[in-house]
Asker: 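Structure provided below as structure tokens; questions to follow.
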Protein chains: 2
Amino acid sequence: MRLTVVNDNRRAAYARERMAEFAARCRAAGLPVTPQRTAIIEALLDATDHPRAESICAEVRRRHPHVSLATVHRTLETLCRIGEARKVTTLHDSARYDGNLRPHHHVVCVRCRRIRDVEIAGLDTALGGAIRAPGFKPLGWSLEIQAVCDDCANFGGREGRSSGTGGVGRTPRNSNQTPQGANE
Amino acid sequence: MRLTVVNDNRRAAYARERMAEFAARCRAAGLPVTPQRTAIIEALLDATDHPRAESICAEVRRRHPHVSLATVHRTLETLCRIGEARKVTTLHDSARYDGNLRPHHHVVCVRCRRIRDVEIAGLDTALGGAIRAPGFKPLGWSLEIQAVCDDCANFGGREGRSSGTGGVGRTPRNSNQTPQGANE
DNA sequence: TATCCGATGATAATTATTATCATCTGATAG
DNA sequence: CTATCAGATGATAATAATTATCATCGGATA
Ligand SMILES: [Mn+2]
Ligand SMILES: [Mn+2]
Ligand SMILES: [Zn+2]
Ligand SMILES: [Zn+2]
């Protein structure tokens, strides 16, 4: 298993392709092509570091100083909804803690944010030799499986039943996420 | 590669072990053993769902109604610092977006929060057959490699140089994270 | 039991994100 | 090309999670 860091040349070519298709993709999704949207996707595709809304906003304002930060937030979410971008931080809305110190991974319900421990025999062994990212000193890794839990699939699944402390206990601000896994 | 969801029996036994050692571990770390700390680690170990601070606080207050939410936040971070817990949401502090729609994974600097794309040949193929968590309908997956980037290893590495849009652009509230990878 | 330093509780401050609403504008039809 | 209008935007307020502040408290040690 070989690990490669995606380099800038490939990224730049990819960004050009994507920009060429962008207007058509907006129309296909039934969305007007606004200069804000164009500038935001362009800044996102130019970025190498998975930027935050504020960072995108700063970049966009170099050419369009009037753009509102709220618009950047809204637009980034819109781009995720139509599949033109994804949020790296699936679970960023509030900190979630884990008492289980054994090596393990997680399956996350993208609707109710339930998180369960899973063990994947062989994975860590297989990865152990491969994790050598140039420019980084690796400390550890974790696999997050995005999924829909049975409760959410059956009912509306607003929140888990009486799971005691384990219950999520609230409806997250953003329970409408699109899968973002690395599979297709 | 076989995936198993960690069941309640094993968790309960594990929780009992951990509670038995907890006071000694606090002392080893030079921390007083307070009733709040004990109650918080107990609630965390009893939880099945990687709870948030508020959820832990609600549980703890059933026995200790005076406990402050701020204390729960502080204590959970302390527990992470001494290695008695971990934060599942490494990057929860602000939403990070990605324009790269190709299947790929991420390496994250735990100090400056830089995130770079990595491709791991063979991983998705190997996982494809294994991802069948009972009780969940899988949608996708992603591997996050926690690491320290060279800049942070060499200098203080407060933030990346002039990476334009890509730069994180601020010092995160919580740049003092412990590795939480699934390796040992 | 007295001492002390870190822990805690109460509360304010900060920060990211979302909601609201008046105004603007891209898309469409004439 | 222009009128129309639904949806997008900008300005701003509101919300929510987390952290900071600081007076008080209480484990640990002798
Ligand atoms: Mn876990
Ligand atoms: Mn990426
Ligand atoms: Zn669910
Ligand atoms: Zn770094």
Side-chain angles (χ1 to χ4, degrees), chain A residues 22-41 51-58 60-61 64-82 87-89 91-97 113 168-177, chain B residues 22-24 26-41 51-58 60-61 64-82 87-97 113 168-177:
Chain A
F22 182 67
R25 292 221 195 204
C26 278
R27 291 194 200 97
L31 297 177
V33 182
T34 67
Q36 288 87 345
R37 274 180 191 148
T38 309
I40 288 164
I41 187 83
R52 327 186 305 126
E54 201 179 286
S55 166
I56 291 275
C57 189
V60 164
R61 280 181 170 162
H64 309 272
H66 55 92
V67 170
S68 163
L69 176 58
T71 297
V72 176
H73 275 287
R74 273 184 304 228
T75 301
L76 287 168
E77 288 300 318
T78 303
L79 292 175
C80 289
R81 183 166 49 77
I82 68 171
K87 204 187 287 198
V88 178
T89 49
L91 290 166
H92 91 280
D93 45 298
S94 62
R96 303 280 291 269
Y97 295 89
R113 312 290 179 132
V168 171
R170 85 198 166 105
T171 303
R173 280 196 285 207
N174 227 11
S175 31
N176 57 326
Q177 292 213 326
Chain B
F22 181 67
C26 278
R27 289 191 202 101
L31 298 177
V33 182
T34 67
Q36 288 88 342
R37 275 181 190 147
T38 309
I40 287 165
I41 187 81
R52 327 186 303 128
E54 202 180 286
S55 165
I56 292 274
C57 189
V60 165
R61 279 180 171 164
H64 308 273
H66 56 93
V67 170
S68 163
L69 177 58
T71 297
V72 175
H73 275 286
R74 272 184 305 227
T75 302
L76 287 168
E77 288 301 318
T78 302
L79 292 175
C80 289
R81 183 166 50 77
I82 67 171
K87 204 187 285 199
V88 178
T89 50
T90 322
L91 289 167
H92 90 281
D93 45 300
S94 64
R96 303 282 290 270
Y97 295 90
R113 310 291 178 131
V168 171
R170 84 199 167 104
T171 302
R173 280 197 286 211
N174 227 12
S175 31
N176 57 325
Q177 293 211 326

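Proteins come first, then strands; the chains are lettered A, B, ... in the order of their sequence lines, and each starts at number 1.
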Asker: To the nearest Å, give me how far apart CD (Glu77(A)) and P (dA8(D)) are.
Answerer: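 From Glu77(A) CD to dA8(D) P: 14 Å.
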Asker: Within the structure, does a side-chain N or O atom of Thr71(A) lie under 4.0 Å from either OP1 or OP2 of dG10(D)?
Answerer: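 Answer yes for this pair, as a side-chain N or O of Thr71(A) is under 4.0 Å from OP1 or OP2.
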Asker: Please report the end-to-end axis angle for the helix from dT1(C)-dA30(D) to dG30(C)-dC1(D), five pairs per end, rounded to 10 degrees.
Answerer: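 Both end axes considered, the difference amounts to 40°.
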Asker: Over how many whole Å does the gap from Arg52(B) atom CZ to dA16(D) atom C1' extend?
Answerer: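 So the CZ-C1' distance, Arg52(B) to dA16(D), works out to 9 Å.
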Asker: Could you tell me the separation between the NE2 atom of His92(B) and the P atom of dT17(C), rounded to a whole number of Å?
Answerer: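 Whole-Å distance recorded here is 10 Å.
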Asker: Report the distance from atom CG of Leu91(B) to atom P of dT17(C), rounded to the nearest whole Å.
Answerer: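 Rounded to the whole Å, the gap is 12 Å.
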Asker: What nitrogen or oxygen pairs link the protein and nucleotides 26-28 of chain D at under 3.5 Å?
Answerer:
from    : atom 1 : to       : atom 2 : distance (Å)
dA28(D) : OP1    : Val33(B) : N      : 3.0

Asker: Taking for each residue the nucleotide of DNA chain C with the nearest heavy atom, is it Thr75(B) or Ala95(B) whose nucleotide lies nearer the 5' end?
Answerer: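 Mapping each residue to its closest nucleotide by heavy atoms, the 5'-most match is Thr75(B).
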Asker: Can you tell me the distance, in whole Å, between the CD1 atom of Ile82(A) and the P atom of dG7(D)?
Answerer: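 After rounding, the gap between these two atoms is 15 Å.
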Asker: For the residue pair Ser94(B) and His92(A), what are the closest heavy atoms and their distance?
Answerer: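 That closest heavy-atom pairing would be C-CD2, 3.8 Å.
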Asker: Grab the CD1-P distance between Ile56(A) and dA16(C) for me, whole Å please.
Answerer: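 The answer, rounded to whole Å, is 15 Å.
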Asker: Extract all donor-acceptor atom pairs below 3.5 Å that involve side chains of residues 67-76 of chain A and protein atoms in other chains or at least two apart in sequence.
Answerer:
from     : atom 1 : to       : atom 2 : distance (Å)
Ser68(A) : OG     : Ala70(A) : N      : 3.1
Thr71(A) : OG1    : Arg74(A) : NH2    : 3.1
Thr75(A) : OG1    : Thr71(A) : O      : 2.7

Asker: Hey, what are the protein-to-nucleotides 11-13 of chain D N/O distances that come in under 3.5 Å?
Answerer:
none

Asker: Please list, chain by chain and in numerical order, all residues satisfying salt bridge (Lys or Arg N to Asp or Glu O under 4.0 Å) with Arg25(A), sequence neighbours excluded.
Answerer: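 Partners of Arg25(A) under the salt bridge (Lys or Arg N to Asp or Glu O under 4.0 Å) test: Glu21(A), Glu84(A).
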Asker: Output the rounded distance in Å from CD (Gln36(B)) to C1' (dC25(D)).
Answerer: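 Going from CD in Gln36(B) over to C1' in dC25(D) covers 10 Å.
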Asker: Please tabulate, one pair per line, all N/O donor-acceptor pairs under 3.5 Å involving side-chain atoms of residues 28-35 of chain A, not counting sequence neighbours.
Answerer:
from     : atom 1 : to       : atom 2 : distance (Å)
Thr34(A) : OG1    : Arg37(A) : N      : 3.1

